[in-house]
Amino acid sequence: MTKILGLDLGTNSIGWALVDDEKNTSTKLLDKGVVIFSEGVKKEKGKEISRAAERTAYRSARRLKFRRKLRKYKTLLVLSKNGMCPLTAEEVIAWKKSGFKTYPNNEEFLNWLKTDDEKNKHPYYFRDKASRKKINKIEVGRALYHIAQRRGFLSNRLDQSAKGVIELHRSNIDNILDSAVNSREFENAITLYFTSIDIADKKKKDLDAGGKKLLILFNAIKSLIKKEKDLAK
C-alpha cells in the first residue's frame with residue numbers, strides 16, 4: 001500500500017488530499033481538506049502592501065534610532081571628558097547603562113540643548129561664529145553635538161513664513177523620543193508637549209504658518225505611533 005499526499009498551494013490557503021494507491025486496484029481517497037490563513041499582504045486603499053516589507057521597515061527604523069543614540073552617546077562622552085558640555089562622563093555612561101531609557105536631566109544640560117533665535121543661542125550661530133573668531137568650549141561642544149544629532153542638516157522644506165519653527169522644537173522632541181521607554185509613553189509625552197505649546201487641540205485654520213507646520217508634524221507622529229501599534233497586534 002502506498003499513501004500519497006497531494007498539496008495545492010494558494011496565496012492564503014493550502015488544499016490537501018491523502019490517497020491510497022495500490023497496484024492493480026483503483027486509487028482510494030482517504031481524506032481531504034483545506035487550511036485557510038491570512039494573506040501575506042494587507043490592503044490599504046485598494047493596494048496590496050507586503051507585511052514582511054513593512055516589518056522590515058520598522059525594524060530598520062529601530063536600528064537607525066539605536067545607532068543614532070549610540071552616535072550621540074559617544075559624542076557626549078568625548079565632550080564631557082573635555083569640558084565641552086555641562087555633563088560629567090559618569091552621567092553620560094549612566095544614560096547608556098540604562099539602555100538609553102533615562103536621558104540626562106541635568107538642568108544645566110537641558111538649558112544647553114535649548115535654542116533661542118532672538119538671543120542667537122542655537123548651533124548654527126555657534127558654527128558661524130566659530131568660523132570667524134574664537135568661541136568658548138561650551139559653544140563649540142553644542143555645535144558639535146548638533147552635528148551628531150542631525151548631521152548638521154537644516155531642513156529647507158520649511159516655508160519662509162514658518163521661520164524655521166520646527167527647528168526651534170526639534171531638540172525638545174528629540175529628548176522626548178530618547179527618554180521614552182515604549183510607544184505608549186512616547187505618545188503620552190509628545191501629546192503633553194504639543195498641548196503645552198498650544199498646538200494639539202487647535203484646528204489648522206486657527207494657526208499661523210509656523211503653527212500649521214507644528215500641527216502637521218504632530219499629526220504625522222501620531223500616525224506613525226498608530227501604525228506601530230497596529231503592526232504589534
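Counting from 1, the numbers follow the sequence of the chain as shown.
Interatomic distance, I190 CD1 to L217 CG, rounded to the nearest 0.5 Å: 7.5 Å. Distance check: K96 NZ to L77 CG gives 8.5 Å after rounding to the nearest 0.5 Å. The NZ atom of K81 sits 13.5 Å away from the CG atom of L87 when rounded to the nearest 0.5 Å. Atom CZ of residue R68 and atom NZ of residue K72 lie 4.5 Å apart, to the nearest 0.5 angstrom. The line from CG of D206 to CG of L215 is 10.0 Å long, rounded to the nearest 0.5 Å. Note that the CD atom of E91 and the OG1 atom of T102 stand 12.5 Å from one another [nearest 0.5 Å].
Side-chain heavy atoms closer than 4.5 Å link hydrophobic residues (I, L, V, M, F, W, Y) into clusters, and following such links, possibly through other members, connects L76 to L70. I197 and L192 end up in different hydrophobic clusters when Ile, Leu, Val, Met, Phe, Trp and Tyr side chains are linked at under 4.5 Å. Note on M84: it clusters hydrophobically with L110, by side-chain heavy-atom contacts below 4.5 Å among ILVMFWY residues.
A distance-only check finds a donor-acceptor pair linking the side chain of R142 to the backbone of W112 [under 3.5 Å]. Between the side chain of S223 and the backbone N or O of A220 there is no donor-acceptor pair closer than 3.5 Å. Judged by distance alone, the side chain of T191 and the main-chain N or O of N188 form no donor-acceptor pair under 3.5 Å. No side-chain donor-acceptor contact under 3.5 Å links R127 to the backbone of A143.
Using a 4.5 Å cut-off between side-chain heavy atoms of Ile, Leu, Val, Met, Phe, Trp and Tyr, I36 falls into a hydrophobic cluster with V34.
Applying the 6.0 Å contact sphere to CZ of R132 captures more than 12 heavy atoms from other residues, nucleotides or ligands.
Looking only at side-chain heavy atoms (C-beta outward), F126 and V140 stay at 4.5 Å or farther from each other.
Under the ring-ring contact (aromatic ring centres under 6.0 Å, His included) criterion, Y103 pairs with W95, F109, sequence neighbours left out. In this structure, Y73 has no ring-ring contact (aromatic ring centres under 6.0 Å, His included) partners at least two apart in sequence or on a different chain.
Between K222 and E187, none of the side-chain N atoms (NZ, or NE/NH1/NH2) sits under 4.0 Å from a carboxylate O, so this pair counts as no salt bridge.
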| Would H146 and Y124 satisfy ring-ring contact (aromatic ring centres under 6.0 Å, His included), going step by step from the backbone distance to the final call? | CA-CA 9 Å; H146 179 252; Y124 295 106; 4.8 Å; yes
